[in-house]
Amino acid sequence: MDKNFTPAQVEEKIYDFWEKNGLFESHVNKGKKPFCIILPPPNANANLHLGHAMYVYEDVMIRYHRLLGDEVLWLPGADHAGFETQYVFEKNLQKDGKSRFDYDRETLFKMIWKFVMSNKGNMEKQLRRLGFALDWKKQRFTMDKAVVKIVHETFKKLYEKDLVYRAVRLVNYCTFCGTAFSDLEVVHKEKVSPLYYMKYGPFVLATTRPETKFGDTGLAVNPKDKRYQKWIGKEIEAEGLLGKFRIKVVGDDSVDPKFGTGVVKVTPAHDFTDFETGKRHNLPLKQVIGYDGKLNHLTGPYQGLYVNQARKKIVEDLKAKGLLDKIDEGYQNRVGTCYKCGRTIEPLPLEQWYVKVKPLADKAKEAVEKGDIKIYPKRFKKILLWWLNNFRDWNISRQVVWGIRIPAYYCRSKAKSQKSKEWFVSVDRPEKCQICGGQDFEQDTDTFDTWFSSGQWPFATLQTNSKELFDYFYPTSVMETGYDILPWWVARMIMLGIFSTGKVPFKNVFLHGIVRDKNGKKMSKSKGNVINPIEMIDKYGADAFRASLMFGVKEGADLSLSDERVVGMRNFANKIWNIGRFLEISQKSKFKSQNNKPKVKIINDLGKEFELEQKKYKKYMDSYQFSKALGSVYEFLWHRYADYYLEQLKEEVLNGKIEVLDSLKKVYFENLRLLHPFMPFLTETIWQVFHGKDSSILAV
RNA sequence: GGACUCGUAGCUCAGCGGCUUAGAGCGCUUCAUUGACAUUGAAGAGGUCACAGGUUCAAAUCCUGUCGGGUCCACCA
């Protein structure tokens with residue numbers, strides 16, 4: 001053995017050895033206890049980041065259970081990540097001076113497919129570098145034909161059970177990204193928005209969005225507000241920028257008499273609250289802003305202006321016409337922005353597919369409350385239940401090319417004759433219209449929200465492998481992922497999993513924290529504090545890097561990563577290596593006969609202490625306290641075994657007391673097995689030094 | 001406005017189903033060392049456990065409040 005452990009020399013070889021010998025593979029084995037984790041599929045559009053490295057928690061569980069002798073499956077995969085990927089791809093196009101509008105749908109799709117496939121390969125290589133014991137033969141991609149089929153079937157089943165519907169509502173639309181989003185993709189930001197007090201006939205009313213005034217179809221006051229009661233139900237006449245207009249006044253409880261002047265303009269097509277108010281009072285929807293973010297033909301001279309330009313111009317014109325009462329410049333409110341590009345979200349009316357969430361959430365809630373699914377750390381249970389209680393219906397339509405196209409169709413000839421589309425849902429493209437016999441179908445051009453497909457991941461991956469595999473491993477044992485996607489992914493997997501299979505998708509949820517920089521700051525490209533996991537592996541080895549993500553970290557808490565942390569673990573790895581080296585050198589040395597008695601008591605103490613360590617370790621591992629498990633091995637091997645016992649027994653071993661050496665070796669090997677889930681490359685390398693190149697610590 | 005979380009050694013953090021001198025990693029100080037390892041060993045310095053009350057024989061640990069970070073959610077136009 002060399003003086004130091006050099007990870008770069010062994011990691012690739014060892015991983016190949018594992019993979020070639022099928023040590024990560026799993027089979028249906030009724031005689032053994034199944035243990036299964038589905039890897040959260042990384043997006044196939046970029047390199048792995050530290051969030052993915054945190055899946056090391058899964059590898060720890062997987063390898064631990066393999067060593068326990070369970071039948072273990074860790075199933076890898078990749079997510080096409082619809083909008084996200086298209087966004088990344090468009091950024092690349094931009095560098096070449098192109099945009100998505102330069103290509104037709106099919107060409108664009110093909111280009112992205114190619115892009116994704118090359119990224120996917122790269123991503124898989126990187127997962128291997130982390131040492132993950134994944135069963136590659138069973139890997140899946142969310143765009144695999146068989147997976148897509150399942151997604152289609154789920155959609156159809158939801159539709160048939162009346163849990164999916166199509167409706168015109170206001171959606172969260174990003175006019176830059178060109179698509180609608182679900183509520184979760186909207187980030188509310190605190191902003192200073194001037195509050196404009198405009199004159200509306202006999203009233204003055206306050207608004208932050210004067211440019212939507214052309215879409216006003218009513219005014220609202222609180223019915224209890226004595227100042228305005230007499231106007232309720234009447235139409236008023238007012239002077240506007242496009243001349244005189246008449247507008248109806250309604251009474252609505254949602255109006256706060258203390259805000260502004262107590263009078264609100266109702267713009268049902270461009271404000272979520274107003275949309276609801278409008279519905280209550282039958283006010284028409286008048287859309288004056290287009291999906292391109294510009295004012296439309298209903299706005300006279302303002303047509304063609306972007307919202308911000310229009311606002312400026314309109315305020316000027318209002319002033320000029322004496323229609324502006326005052327401006328409160330310091331007003332603060334929260335504005336919805338696009339989580340991706342950061343621009344203001346425009347609420348716009350659009351017809352979309354919605355999942356009726358409540359019935360699904362109720363079942364999910366029951367499963368969580370009953371304990372069919374356990375959540376670790378337990379504080380997240382409350383948060384999950386909060387979400388399940390507060391989800392609104394889920395818009396799953398995305399105006400994006402890259403994704404699973406929604407299998408909904410309408411018959412063109414029928415649509416023409418009836419002037420309205422009647423949608424129907426079909427897993428495969430229909431051949432003939434069942435009503436008019438027509439064959440000219442138009443498929444919905446939208447694709448599914450990525451989370452709609454990834455929400456089906458646990459059962460889709462298993463079912464597309466084989467029925468036997470599904471029956472054996474489902475519900476899976478643990479879902480391990482970052483707490484930041486609890487509502488996006490975990491909650492939806494539970495809802496869709498129960499809906500589709502009648503069973504929970506996993507029995508336990510373990511959530512890890514976010515990796516931050518050494519000062520506890522969030523990593524971001526703009527701050528320049530992003531750490532690349534692969535670079536850390538190159539520098540210190542995969543084992544040291546992996547251990548540094550867990551050592552001394554409370555489960556579910558955020559982690560501050562620094563080089564110093566990894567160095568500490570690199571040193572630990574080297575220490576373990578050198579214990580092995582010492583034992584190896586000792587066993588090679590010639591044994592001289594000895595007269596003095598071996599130090600029996602110390603050896604017995606070592607044995608006892610090891611037993612205690614083993615018990616602690618097991619307790620920690622079985623209760624998801626992996627950091628403590630690692631800590632107990634660290635403490636024992638370094639500070640007890642090496643610093644104390646080895647120092648005491650060193651001379652005897654070097655002088656050839658073979659029974660002492662054997663006891664030391666026994667405890668050492670056992671500890672290698674305890675450490676293996678955390679530091680697989682190191683422990684396997686040492687194992688093979690003592691047990692032969694063809695042996696594996698995993699195959700004992 | 002609601003919820004969650006954190007405030008412990010110079011730094012990053014454990015400990016928090018109450019009980020001995022409050023811990024780790026890194027950093028720092030002194031010493032040691034030519035055959036396991038300087039990616040080492042030994043010894044050590046360093047903390048009013050944010051603050052104020054309360055419960056208790058006993059609190060960093062439980063409760064209440066205050067201050068200060070962080071995060072998530074929320075249709076105040």
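Chain A is the first sequence line, chain B the second, and so forth, proteins listed ahead of strands; every chain is numbered from 1. Predicted model, so just to flag it, every value in this text is computed and none were measured.
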Touch check for [X], heavy atoms < 4.0 angstrom, all strands: base, sugar-phosphate only, or nothing?
| X | result |
| --- | --- |
| A:K518 | sugar-phosphate |
| A:G552 | sugar-phosphate |
| A:V266 | nothing |
| A:H639 | sugar-phosphate |
| A:F380 | nothing |
| A:N390 | nothing |

Counting only Watson-Crick pairs (N1-N3 plus N6-O4 or O6-N4) and G-U wobbles (N1-O2, O6-N3), all under 3.5 Å, who is the partner of [N]?
| N | value |
| --- | --- |
| B:rC11 | B:rG25 |
| B:rG46 | none |
| B:rG17 | none |
| B:rC62 | B:rG54 |
| B:rU71 | B:rA3 |
| B:rU40 | B:rA32 |

Select from A:S254 and A:E564 the residue whose nearest nucleotide in RNA chain B is closer to the 5' end of that strand.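 Nearest nucleotide further toward 5': that of A:E564.
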Taking the basic N atoms (NZ, or NE/NH1/NH2) and the acidic carboxylate oxygens, is any pair closer than 4.0 Å for A:E670 and A:K666?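 Salt bridge absent between A:E670 and A:K666.
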Do the charged groups of A:K616 and A:E613 touch, with an N to O distance under 4.0 Å?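 Salt bridge flag = no for A:E613 with A:K616.
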Can you tell me if A:S562 touches the phosphate of B:rU12, counting only side-chain N or O atoms and a distance under 4.0 Å to OP1 or OP2? no
A:Y668 and side-chain contact (heavy atoms from CB on, under 4.5 Å): which single residue from A:F610, A:Y641, A:F582 fits?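 Result for side-chain contact (heavy atoms from CB on, under 4.5 Å) with A:Y668: A:Y641.
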Choose from [options] the nucleotide whose nearest atom is closest to any side-chain atom of [X].
| X | options | result |
| --- | --- | --- |
| A:K3 | B:rA14, B:rC37, B:rC4 | B:rC37 |
| A:F551 | B:rA3, B:rA14, B:rA24 | B:rA24 |
| A:R392 | B:rC4, B:rC37, B:rC75 | B:rC75 |
| A:R379 | B:rG41, B:rA36, B:rC4 | B:rC4 |
| A:N578 | B:rC4, B:rA14, B:rA36 | B:rA36 |
| A:R334 | B:rA36, B:rC76, B:rG15 | B:rC76 |
| A:N574 | B:rC26, B:rA14, B:rC37 | B:rC37 |
| A:E647 | B:rC76, B:rA14, B:rA36 | B:rA36 |
| A:W638 | B:rC75, B:rA24, B:rU40 | B:rU40 |

Rounded interatomic separation in angstrom, taking CD from A:E651 and P from B:rG41: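 After rounding, the gap between these two atoms is 20 Å.
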B:rG35: syn or anti, with syn meaning chi within 90° of zero?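 In terms of base orientation relative to the sugar, B:rG35 is syn.
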So do A:Y376 and A:E555 actually touch side chain to side chain, heavy atoms under 4.5 Å? no
What does the B/S/- profile of nucleotides 67-73 of chain B look like, 5' to 3', with a 4.0 Å heavy-atom cutoff to protein? ---S--S
[atom1] atom, [N] versus [M]: distance in rounded Å?
| N | M | atom1 | value |
| --- | --- | --- | --- |
| B:rA58 | B:rC19 | C1' | 7 Å |
| B:rA50 | B:rC37 | C1' | 42 Å |
| B:rG15 | B:rA59 | C1' | 13 Å |

With sequence neighbours left out, what residues match A:Y331 under side-chain contact (heavy atoms from CB on, under 4.5 Å)? A:L195, A:T208, A:F259, A:D328, A:N333
Could you list the residues that satisfy side-chain contact (heavy atoms from CB on, under 4.5 Å) with A:K575, not counting sequence neighbours? A:W638, A:A642, A:D643
For A:F669, which residues count as a ring-ring contact (aromatic ring centres under 6.0 Å, His included) partner, sequence neighbours excluded? A:W687, A:F690, A:H691
Contacts of type salt bridge (Lys or Arg N to Asp or Glu O under 4.0 Å), residue A:D252, not counting sequence neighbours: A:R280
By salt bridge (Lys or Arg N to Asp or Glu O under 4.0 Å), which residues pair with A:D393, not counting sequence neighbours?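 In terms of salt bridge (Lys or Arg N to Asp or Glu O under 4.0 Å), with neighbours along the sequence ignored, A:D393 is linked to no residue.
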Counting only distance, no hydrogens or angles, is the base of B:rC37 paired donor-acceptor with the side chain of A:K575 under 3.5 Å? yes
